[in-house]
Asker: 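Below: one structure in structure tokens.
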Protein chains: 2
Amino acid sequence: MSLNKTGLAILGILSRGPQTGYDVKKVFSSIAGHFWQASYGQIYPLLKKLNAQGLVKHKTHKPNLRQAKNIYALTAQGRKSLRHWLRSPVESHPWRIEILLRLFFGRQVPVAENIRQIEIYRRHKQDEILRLEEIERHLREEHAEDPDQPYYLLTVDYGQKVVRACLDWCEQSLARLRELEKQGYDKQKAKPFDCSNCESLAKKHDK
Amino acid sequence: MSLNKTGLAILGILSRGPQTGYDVKKVFSSIAGHFWQASYGQIYPLLKKLNAQGLVKHKTHKPNLRQAKNIYALTAQGRKSLRHWLRSPVESHPWRIEILLRLFFGRQVPVAENIRQIEIYRRHKQDEILRLEEIERHLREEHAEDPDQPYYLLTVDYGQKVVRACLDWCEQSLARLRELEKQGYDKQKAKPFDCSNCESLAKKHDK
DNA sequence: TAGAGCATGTAATAGGTTACATGATTAG
DNA sequence: CTAATCATGTAACCTATTACATGCTCTA
């Protein structure tokens with residue numbers, strides 16, 4: 001009965017009504033993709049697994065001899081599993097942020113290179129903002145009658161707030177790095193430095 | 001010559017000076033863990049692989065007959081690979097945010113349940129803030145002479161800004177859900193809703 | 001002398017991406 | 001007729017977590 005988060009996501013999507021694997025993918029590509037993703041290579045095998053576990057059932061729809069599509073629907077068991085998960089306490093998950101990994105080793109290249117990277121990152125975040133605004137507009141216009149709309153809007157709002165915080169950070173960091181550059185940071189000697197006290201931080205974290 | 005992000009992270013950590021796999025892990029557990037993580041099960045095999053590729057070399061230090069530890073150091077090739085990566089443009093990465101996945105299906109449970117989840121999530125984020133402040137304090141006090149300090153502080157600042165944005169969102173979302181609850185949202189009929197126009201959003205995204 | 005920390009590693013498993021492969025239908 | 005969209009699926013591969021296994025050293 002082990003079930004991963006993406007499996008539960010699929011159950012959740014099917015709770016909105018019966019649909020094909022292809023339809024499920026569209027949800028991940030449209031209104032849910034900004035906080036969760038899944039590929040066909042995951043969706044089809046998972047639907048099979050959910051079916052084997054009795055959490056979904058499918059009807060094969062044959063409009064003609066050659067073609068068939070599988071329409072999946074939640075079972076009572078599936079709805080129960082979904083609701084059980086929704087009531088279990090949410091956990092904390094670590095983040096992986098590549099721009100920070102790069103900046104952490106920033107001294108290995110000239111300051112100007114790091115400035116360039118943040119400018120690229122800022123463009124990505126600006127694109128994300130546009131995408132989120134597009135989703136918000138869609139939700140307000142096309143989902144005005146959708147009973148799920150209030151919850152959907154919460155997810156978009158999260159994205160907008162976080163991405164705006166990223167953009168704030170970009171501006172501030174660019175200013176700081178330009179200042180560093182002016183102060184001749186690149187010309188400093190690379191004296192080795194070792195902090196033995198980092199251990200005490202690590203200790204607390206691993207508990 | 002394929003090399004993943006965590007492999008590059010290890011190269012980066014070794015650029016601060018030769019050290020053991022155990023030492024590398026401590027960096028992920030202390031000042032780098034808030035934006036990148038790696039377990040022993042990843043670090044030791046990766047060090048072996050990096051060694052095979054000539055990006056790191058190791059000396060086996062034997063303080064006595066029984067014990068041995070492997071001290072790894074970057075090679076010229078390794079330093080070159082690291083710098084090459086640092087100059088390549090950073091890409092955009094999707095996020096997976098479990099609290100949003102849950103809220104997306106929030107209508108499946110009473111509003112009070114979703115409020116409870118956001119309160120739990122808020123506690124996680126408050127803990128993260130404390131952790132980040134601890135790291136910042138450590139960096140300001142113990143790394144005052146560290147030439148990498150300015151870059152390290154940038155990574156902490158990112159975390160603080162983003163987590164504070166999350167906390168803002170928590171407050172606002174809690175207020176909205178309390179309002180929804182008051183308005184009798186839970187008693188609404190669950191009319192089925194299907195948005196055919198979601199497809200147009202999906203189309204743009206998949207391009 | 002017991003517990004915490006130092007130190008290295010493997011095996012099983014889980015989770016996910018990408019490319020490949022196939023073929024029908026529909027709109028311009 | 002041709003391009004886009006609908007629709008399903010597999011195989012190879014990569015990345016990462018967890019549990020397990022081992023044994024030394026130092027400090028209270």
Side-chain angles (χ1 to χ4, degrees), chain A residues 1-10 19-26 28-30 33 36-49 51 58-72 91 93-96 98 196 198-207, chain B residues 1-10 19-26 28-30 33 36-51 58-72 91 93-96 98 101 196 198-207:
Chain A
M1 271 301 145
S2 68
L3 197 41
N4 66 19
K5 300 291 152 70
T6 301
L8 289 158
I10 291 173
Q19 54 203 296
T20 66
Y22 192 84
D23 293 329
V24 167
K25 176 68 168 78
K26 273 196 288 199
F28 287 115
S29 296
S30 57
W36 209 269
Q37 308 80 38
S39 60
Y40 290 125
Q42 236 188 319
I43 292 168
Y44 287 114
L46 271 174
L47 280 170
K48 205 178 253 186
K49 191 183 166 190
N51 189 58
H58 73 284
K59 276 184 188 145
T60 302
H61 175 66
K62 273 193 190 173
N64 56 49
L65 276 167
R66 302 279 202 119
Q67 203 191 3
K69 61 176 174 177
N70 305 321
I71 298 165
Y72 288 87
E91 274 157 43
H93 300 283
W95 308 31
R96 289 191 154 189
E98 197 193 317
S196 58
C198 276
E199 291 166 40
S200 60
L201 264 183
K203 228 181 295 179
K204 282 188 200 176
H205 187 254
D206 286 339
K207 271 187 285 190
Chain B
M1 270 301 146
S2 68
L3 196 41
N4 65 20
K5 299 290 152 69
T6 301
L8 288 159
I10 292 174
Q19 54 202 295
T20 66
Y22 193 84
D23 294 328
V24 168
K25 176 69 169 78
K26 273 197 289 199
F28 286 115
S29 295
S30 57
W36 209 269
Q37 308 80 38
S39 60
Y40 290 126
Q42 238 187 317
I43 292 169
Y44 287 114
L46 271 175
L47 281 169
K48 207 179 252 186
K49 191 182 166 191
L50 292 172
N51 189 58
H58 73 285
K59 278 185 186 143
T60 304
H61 175 68
K62 274 192 187 173
N64 57 49
L65 275 167
R66 304 280 203 117
Q67 204 190 2
K69 61 176 173 176
N70 305 321
I71 297 166
Y72 287 86
E91 273 158 44
H93 301 283
W95 309 33
R96 290 190 152 189
E98 197 192 318
L101 185 60
S196 58
C198 275
E199 291 166 37
S200 60
L201 263 183
K203 228 182 294 178
K204 283 189 200 176
H205 187 253
D206 285 340
K207 271 186 285 188

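These values consider heavy atoms only, across backbone and side chains, with no hydrogens, waters or symmetry-generated copies. So that the names make sense, note that chain A is the first sequence line, chain B the second, and so on, each numbered from 1.
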Asker: Given atom CD1 of Ile43(A) and atom C1' of dT8(D), what is their separation to the nearest angstrom?
Answerer: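 Between C1' of dT8(D) and CD1 of Ile43(A): 12 Å.
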Asker: Regarding Gln19(A), tell me which of base, sugar-phosphate or nothing describes its non-hydrogen contacts under 4.0 Å with the strands shown.
Answerer: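 Nothing: the residue Gln19(A), judged by heavy atoms under 4.0 Å, touches no strand.
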Asker: What's the NZ-P distance between Lys48(B) and dG9(C), to the nearest Å?
Answerer: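 The answer, rounded to whole Å, is 6 Å.
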Asker: For Lys69(A) and dT26(C), give me the distance from atom NZ to atom P, rounded to whole Å.
Answerer: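 So the NZ-P distance, Lys69(A) to dT26(C), works out to 10 Å.
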Asker: What string of B, S and - do you get for nucleotides 11-19 of chain C 5' to 3' if you count protein non-hydrogen atoms under 4.0 Å?
Answerer: ----SSBB-
Asker: Classify the angle between the aromatic ring planes of Trp95(A) and Trp95(B) as parallel (below 30°), tilted (30 to 60°) or perpendicular (above 60°).
Answerer: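 Perpendicular: the ring planes of Trp95(A) and Trp95(B) meet at over 60°.
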Asker: Nearest heavy-atom pair of Leu201(A) and Ser30(B): which atoms, and what distance?
Answerer: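 Scanning both residues, the minimum pair turns out to be CB-CB, 3.9 Å.
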Asker: Grab the NZ-P distance between Lys203(B) and dT26(C) for me, whole Å please.
Answerer: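 Going from NZ in Lys203(B) over to P in dT26(C) covers 16 Å.
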Asker: His61(B) has an atom NE2; how far is it from atom C1' of dC24(D), in whole Å?
Answerer: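 To the nearest whole Å, that distance equals 13 Å.
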Asker: Once you round it to whole Å, what is the distance between P of dG23(D) and OH of Tyr22(B)?
Answerer: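 After rounding, the gap between these two atoms is 18 Å.
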Asker: Could you say whether Tyr72(B) or Glu199(A) is positioned toward the 5' end of DNA chain C, judged by the nucleotide with the nearest heavy atom to each?
Answerer: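 Its nearest nucleotide being more 5', the pick is Glu199(A).
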Asker: Find the distance Leu47(A):CG to dG9(D):P and express it as a whole number of Å.
Answerer: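 Result: 9 Å.
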Asker: Using whole Å, report how far CG of Asp23(B) lies from P of dC6(C).
Answerer: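 Rounded to the whole Å, the gap is 9 Å.
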